[in-house]
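What you see is a predicted model, and the numbers here were worked out from it, not measured in a lab. Within every chain, numbering begins at 1; the chains are lettered A, B, ... in the order of the sequence lines, protein sequences first and strands thereafter.
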2 protein chains.
Amino acid sequence: MRMRPEGDRADLMLARLGESGLKLTPQRIAIVRELADDSSHPTAQELFDRLAPAMPTMSFATVYNTLDALARCNLIEARALAPGATRFDPNVEPHHHAVCDRCGCVADVAPRPRSTSVDASLPDGFAVRAVEQIFRGTCQRCRDADGGD
Amino acid sequence: MRMRPEGDRADLMLARLGESGLKLTPQRIAIVRELADDSSHPTAQELFDRLAPAMPTMSFATVYNTLDALARCNLIEARALAPGATRFDPNVEPHHHAVCDRCGCVADVAPRPRSTSVDASLPDGFAVRAVEQIFRGTCQRCRDADGGD
DNA sequence: CTTGCACATGAGAACCTTTCTAAGTAGAAG
DNA sequence: CTTCTACTTAGAAAGGTTCTCATGTGCAAG
C-alpha cells in the first residue's frame with residue numbers, strides 16, 4: 001500500500017462503480033468522495049450528516065443503497081466492530097482494527113506477516129475466507145483524558 | 001476448559017450473581033439456565049423466544065437488564081460478530097470465533113498459544129486489553145447445502 | 001420529437017434492536 | 001403493619017436499517 005494523491009482513490013472507486021453498470025449520479029459521487037480517503041470508519045449517519053449541507057435533499061435510502069452497491073463491488077467493507085451502527089471501511093486490503101472501549105474510535109492496524117496462517121482449531125469443514133483481528137483497549141486520547149480530568 | 005456436568009455452570013453463575021448483591025428472581029434464574037450451557041451465541045430475541053413459553057409475562061427489559069447484569073459481573077460477554085443484533089456468549093475464557101457468511105452461525109475457536117503476543121503496529125499509546133479474532137467463511141452445513149440444492 | 005423503459009432518488013413508513021419510563025409487585029427491614 | 005428497595009412489566013421512545021412507492025432523469029426505439 002502506498003500514498004495516493006488526493007482524489008485518486010475516489011476516482012478509482014467511481015471508475016469501478018461505472019464499470020459495474022451503475023450510473024455515476026451526483027449523490028453517488030459525493031458519497032464516494034466523502035468516504036474514499038477517510039480512515040475514521042464512519043457510520044451511515046455520520047456520512048449523511050457530512051453530506052447534508054452540500055446535498056440537502058439526499059435521503060438515507062440513497063446513502064444505504066450506495067454503500068451497499070460499493071460493498072457489492074468490493075470497494076468498501078461493512079464492519080461490525082462494536083454493538084450499534086455498522087461502520088464502513090474504504091480499505092479493502094487485509095488489515096486489522098484497534099477499537100477504543102471508551103470513545104469507540106477505530107484505527108487501522110497493519111497485518112502481521114504470519115497472521116494469515118490459520119492453524120487454529122476451526123470447526124470441522126469450515127472454509128476460511130478471511131481472518132479479522134480486533135484489538136480492544138484504550139486509545140491515547142482517552143488515557144490522557146483519564147489522567148487529566 | 002473441561003467438561004462440566006449439566007447445570008453446573010448455571011449454578012456457578014447464579015451463585016456469583018447472588019454474591020454481587022443481585023436477587024435471584026425466577027426470571028433471572030430462567031435466563032441464566034437458558035444461556036449457561038449454550039454455545040450458539042444467541043441474541044436477546046432468541047433467548048426471549050425460548051423463554052416465552054415458560055414465562056409468558058416476561059418482558060424484553062428484563063432480558064436486557066439481566067444480560068447487562070451478567071456482563072457487568074463478567075459472567076457473559078456481549079459480542080458484535082456481524083451487523084445486526086448483539087450476541088451473548090457464556091464463555092468468558094479467551095477464545096475466538098468462526099462466523100459463517102451465509103447462515104450467520106457462530107462457533108467457538110480455541111485460542112492459539114502465540115496469538116496473545118501483540119507485535120502488530122498498533123496506534124501510538126493504544127493500551128490493549130484483549131485481542132479478538134474472527135474467522136469468516138462458510139460452515140460445513142452451508143457448503144453441503146450449496147452442493148446439494 | 002415523442003414515447004417508453006430502466007434505473008435512481010426522495011420522503012416517509014415500517015421494522016428491528018435496544019433503552020427508557022411509569023406503575024405496580026414482592027420481599028426484607030424496622 | 002408500614003416502609004423501603006429492588007425487580008418486573010408493558011409500552012413508549014430512540015436508534016439503525018430496510019422497504020415502498022411516487023417521482024424524476026437519461027437513453028433508446030420508434
Side-chain angles (χ1 to χ4, degrees), chain A residues 13-14 17-35 41-73 76-89 104 106, chain B residues 14 16-35 41-73 76-89 104 106:
Chain A
M13 287 170 71
L14 287 169
L17 255 195
E19 285 162 24
S20 303
L22 297 170
K23 293 182 184 168
L24 301 185
T25 64
Q27 292 85 350
R28 287 179 177 166
I29 292 169
I31 291 167
V32 166
R33 289 210 185 284
E34 188 63 44
L35 188 55
H41 306 73
T43 62
Q45 178 77 62
E46 284 163 359
L47 286 170
F48 180 85
D49 290 345
R50 286 194 230 152
L51 294 165
M55 312 200 69
T57 72
M58 193 166 51
S59 75
F60 266 102
T62 299
V63 174
Y64 279 108
N65 284 344
T66 300
L67 291 171
D68 192 56
L70 289 167
R72 269 181 223 276
C73 296
I76 66 172
E77 279 182 41
R79 303 198 181 278
L81 296 168
T86 301
R87 292 176 172 278
F88 296 90
D89 189 346
V106 179
Chain B
L14 287 169
R16 292 253 208 99
L17 255 195
E19 286 162 22
S20 304
L22 296 170
K23 293 183 183 167
L24 301 183
T25 64
Q27 292 84 351
R28 287 180 177 165
I29 293 168
I31 292 167
V32 166
R33 289 207 185 287
E34 188 64 42
L35 188 54
H41 307 74
T43 63
Q45 178 77 62
E46 283 163 0
L47 286 170
F48 180 85
D49 290 344
R50 285 193 231 152
L51 294 164
M55 312 201 69
T57 71
M58 191 166 52
S59 74
F60 266 104
T62 299
V63 175
Y64 279 107
N65 285 343
T66 300
L67 291 170
D68 192 56
L70 288 166
R72 269 181 224 276
C73 296
I76 67 171
E77 279 181 42
R79 302 197 183 280
L81 296 168
T86 301
R87 291 175 172 278
F88 297 91
D89 188 346
V106 178

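Closest non-hydrogen pair, B:Leu67 versus B:Ile76, comes out as O-CD1, 3.5 Å.
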>> Using a 4.0 Å heavy-atom cut-off to protein, can you give one letter per nucleotide of nucleotides 8-25 of chain D, 5' to 3': B if the base is in contact, S if only the sugar-phosphate is, - if neither?
In response: SBB-----SSBB------
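Remark: side-chain polar atoms of B:Arg28 are not paired, donor with acceptor, to backbone N or O of B:Thr66 under 3.5 angstrom.
For the pair A:Leu51 CG and C:dG10 C1', the computed distance is 15 Å after rounding to whole Å. Across the protein-nucleic acid pair, B:Leu81 atom CG and C:dT17 atom P stand 15 Å apart, rounded to whole Å. For the pair B:Leu24 CG and C:dA28 P, the interatomic distance rounds to 12 Å; values are reported in whole Å. Separating the CZ atom of A:Arg72 from the P atom of C:dC7 is a distance of 14 Å, rounded to the nearest angstrom.
We find the CG-CG distance between B:Leu17 and B:Leu70 to be 5.0 Å, quoted to the nearest 0.5 Å. The CG atom of A:Leu35 lies 8.5 Å from the CZ atom of A:Phe88; values are rounded to the nearest 0.5 Å.
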> Does the side-chain contact (heavy atoms from CB on, under 4.5 Å) test come out yes or no for B:Leu51 and B:Gln27, once each step is laid out?
Replying inline: CA-CA 9 Å; B:Leu51 294 164; B:Gln27 292 84 351; over 6 Å; no
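Under the ring-ring contact (aromatic ring centres under 6.0 Å, His included) criterion, B:Phe48 pairs with B:Phe60, not counting sequence neighbours.
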